[in-house]
Amino acid sequence: MKCMSLLPGIVALIVLAAPAHAEDGDVPYWASISADIAYMRVGPSNTYRIDWVYKRRNLPVKVVRREGPWRFVVDPDGTKGWIRDLLLSRERMAIVTGGGLAEMHARGSTGSPLLWRLEPGVIGKLGECESGWCEFNVDGHKGFAPQERLWGSAEP
């Protein structure tokens, strides 16, 4: 009978010793805007003023803080603010940055066939990155782009 009285205490210790997992991972992490319209607010609540309105689905953002259902994010221009988690996706996207056109090749090498030239601002789905090149899919047009030209491709 004494063993049965120890069971709840043992279970509590096991639960407390288990690592805590955040519902959507630890910060920082990459996310993308999953809604046609997303509001960035100056604070983590609907009562705070809207600072920015995003009308660009799949725009990559870096999540740097969490507070309840709100995420403090940084966009590609460096703008910071709070966006509701329901407006974000964990799908990894990237945006072409820098001056001039970025080349997209058939393989991760400048010696491989050139497929397209990408304008700054083009958004695509990010794949694996290796040796300075990333798999990049822009509306079904797949290839490899230089990692230094893709915001959202580095470690968060």
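Note: hydrogens, waters and symmetry copies are ignored here, and every other heavy atom, side chains too, is used. Counting begins at 1 with the first residue of the sequence. For clarity, every value in this text was computed on a predicted model and none was experimentally measured.
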Between [X] and [Y], is there a donor-acceptor pair closer than 3.5 Å when you use the side chain of the first and the backbone of the second?
| X | Y | answer |
| --- | --- | --- |
| Arg92 | Gly152 | yes |
| Gln147 | Ser153 | yes |
| Arg149 | Thr97 | yes |
| Asp75 | Asp77 | yes |
| Arg65 | Val27 | no |
| Ser34 | Leu87 | yes |

May I ask whether [X] and [Y] are part of the same hydrophobic cluster, defined by side-chain heavy atoms of I, L, V, M, F, W, Y residues being less than 4.5 angstrom apart, directly or through others?
| X | Y | result |
| --- | --- | --- |
| Val122 | Phe144 | no |
| Tyr54 | Val63 | yes |
| Met104 | Trp151 | no |

_Can you tell me how far apart CD (Glu91) and CE (Met93) are? Round to the nearest 0.5 Å._
5.5 Å
*Between CD1 on residue Ile123 and CZ on residue Phe136, distance to nearest 0.5 Å*: 8.0 Å
*If you look only at pairs with a residue in residues 77-143, which of them pass as a disulfide (SG to SG under 2.5 Å), with sequence neighbours excluded?*
Cys129-Cys134
*So which heavy atom on Arg41 is nearest to which on Ile50, and how close?*
NH1-CG1, 3.4 Å
Determine whether [X] and [Y] make a side-chain contact, defined as any pair of heavy atoms from C-beta on separated by less than 4.5 Å.
| X | Y | value |
| --- | --- | --- |
| Val96 | Val138 | no |
| Leu101 | Glu103 | no |
| Ile33 | Arg57 | no |
| Leu86 | Pro69 | no |
| Met40 | Val73 | yes |

*ring-ring contact (aromatic ring centres under 6.0 Å, His included) contacts in which one or both residues fall within residues 73-95, not counting sequence neighbours*: Phe72-Trp82
I'd like to know whether [atom1] of [X] has more than 12 heavy-atom contacts from other residues, nucleotides or ligands below 6.0 angstrom.
| X | atom1 | answer |
| --- | --- | --- |
| Trp52 | CH2 | no |
| Glu148 | CD | yes |
| Tyr48 | OH | no |

